[in-house]
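Below is one structure, written out as structure tokens, with a few remarks after it.
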Amino acid sequence: MMGALSSFPRERVRAARFLEMFACQSFSPPPADVHFPPYETDPATGGTCLHCHKTLDPAAIAFKRWDFTPFTSYYVPWPFMPGVGKQRITKEWLSGKYPHNGSSPGYRWRNAFLPNTVLTPVTPEQIAANPEAVLLDTMPESYTLLGMHGDGTMGPLGFGKLLVRSGEFDRCATRKLYAMFIGRELNPASEKHFIDKLAKEFVARDRKLRPFIRYLFEQPELRRGL
């Protein structure tokens with residue numbers, strides 16, 4: 001995952017790209033006539049950003065521990081995993097004064113990981129007692145993503161398990177494979193039942209590509225020239 005995580009610079013961007021690639025989610029500006037609660041401090045609960053961030057931020061929690069910036073790591077040891085190793089995330093890191101003024105990632109964490117937000121569901125008191133709490137990467141059980149509650153698994157593995165358990169990965173994969181090999185995009189609004197049927201066939205073949213493609217080529221749609 002290090003290569004994939006490093007391809008996208010921030011946790012919310014990673015969440016957006018992975019949801020687009022593996023769950024066929026689409027993120028676009030909201031319609032002009034939709035009204036949202038006023039924005040205060042959390043884009044997932046107020047303002048027009050709510051349109052996307054209500055989905056993005058629960059997913060982005062899984063990608064908080066990897067803050068890829070090659071330059072800082074040349075100068076100071078990098079606290080890659082909270083609670084692990086000699087380099088620990090402290091209040092000095094979050095102050096932006098260590099390792100040098102305005103340094104990433106601590107300075108960014110202080111501004112991006114605000115307590116009592118969807119992305120950082122911890123209190124200021126918890127952060128004061130344990131600064132590593134800002135990098136909490138387990139979606140709380142009260143949250144939902146793709147219609148599912150998390151099971152307590154940390155990091156990208158937790159995201160992946162939820163993605164598969166929701167069925168969105170299988171539906172997205174079959175839509176993309178159908179378009180690639182049959183040559184027609186499936187409409188998730190009008191062809192939901194057909195997509196669900198294809199997803200079941202994909203799972204029944206252990207999610208293996210060649211057996212599923214064989215199944216597609218045996219379908220009457222192909223012989224009708226669709």
Side-chain angles (χ1 to χ4, degrees), residues 1-25 27 41-46 49-50 52-68 78-91 93-94 105-106 108-110 112-173 199-200 202-203 206-207:
M1 288 295 294
M2 291 175 69
L5 293 176
S6 299
S7 298
F8 308 113
R10 295 290 180 259
E11 54 285 328
R12 284 177 168 124
V13 180
R14 293 173 199 134
R17 298 293 83 81
F18 291 143
L19 284 169
E20 288 170 346
M21 289 187 290
F22 300 123
C24 290
Q25 296 286 300
F27 298 101
T41 58
D42 189 353
T45 59
C49 298
L50 167 63
C52 293
H53 280 264
K54 64 181 180 180
T55 300
L56 284 181
D57 284 16
I61 291 174
F63 305 107
K64 289 172 71 173
R65 291 197 187 191
W66 181 248
D67 195 309
F68 179 70
W78 195 263
F80 178 63
M81 297 285 280
V84 177
K86 297 181 179 179
Q87 302 303 322
R88 307 294 293 269
I89 299 166
T90 64
K91 63 180 180 180
W93 269 89
L94 299 181
R108 189 185 77 81
W109 292 343
R110 185 189 67 180
F113 300 156
L114 299 177
N116 294 325
T117 60
V118 172
L119 182 62
T120 308
V122 295
T123 65
E125 292 75 20
Q126 288 174 307
I127 294 175
N130 177 18
E132 292 178 326
V134 297
L135 294 190
L136 171 75
D137 63 347
T138 303
M139 192 175 79
E141 292 183 0
S142 60
Y143 285 20
T144 59
L145 177 63
L146 304 175
M148 303 296 293
H149 291 276
D151 65 356
T153 303
M154 298 185 298
L157 177 60
F159 172 80
K161 289 170 65 176
L162 190 150
L163 185 67
V164 173
R165 187 156 49 88
S166 70
E168 291 303 320
F169 170 78
D170 299 315
R171 285 186 281 271
C172 183
K200 290 180 180 178
F202 182 55
V203 173
D206 297 323
R207 299 185 175 91

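Position 1 is the first residue of the sequence; numbering continues from there.
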Review point. Hey, mind stepping through I127 and F113 against side-chain contact (heavy atoms from CB on, under 4.5 Å) and telling me if it holds?
Key: CA-CA 10 Å; I127 294 175; F113 300 156; over 6 Å; no

Point to revise | Value rounded to 0.5 Å, distance of SG in C52 from CD in Q25 | key: 10.0 Å

Study note, to complete from the structure: dist R17:CZ -> F22:CZ (nearest 0.5 Å) comes out at 12.5 Å

Check your understanding: Partners of C24 by disulfide bond (SG atoms under 2.5 Å apart), sequence neighbours excluded?
Key -> C172

Just wondering, do [Y] and [X] contact through their side chains at under 4.5 Å, heavy atoms?
X: N116; Y: T123; result: yes
X: F18; Y: L163; result: no
X: L119; Y: I61; result: yes
X: T117; Y: P43; result: no

At their closest point, which heavy atom of [X] faces which heavy atom of [Y], and how far apart are they?
X: P131; Y: K91; result: CG-N, 3.6 Å
X: G152; Y: T138; result: O-CG2, 3.4 Å
X: L56; Y: A15; result: O-CB, 3.8 Å

Review point. Within the distance-only criterion (no hydrogens, no angle test), does the side chain of R14 pair as donor or acceptor with the backbone N or O of K64 below 3.5 angstrom?
Key: no

N/O donor-acceptor pairs under 3.5 Å from side chains in residues 139-148, not counting sequence neighbours:
{"residue": "Y143", "atom": "OH", "partner": "V118", "partner atom": "O", "Å": "3.1"}

Review point. With sequence neighbours left out, what residues match D137 under side-chain contact (heavy atoms from CB on, under 4.5 Å)?
Key: R65, M154

Practice item. Could you tell me if the ring centre of F63 sits under 6.0 Å from that of F8? Key: no

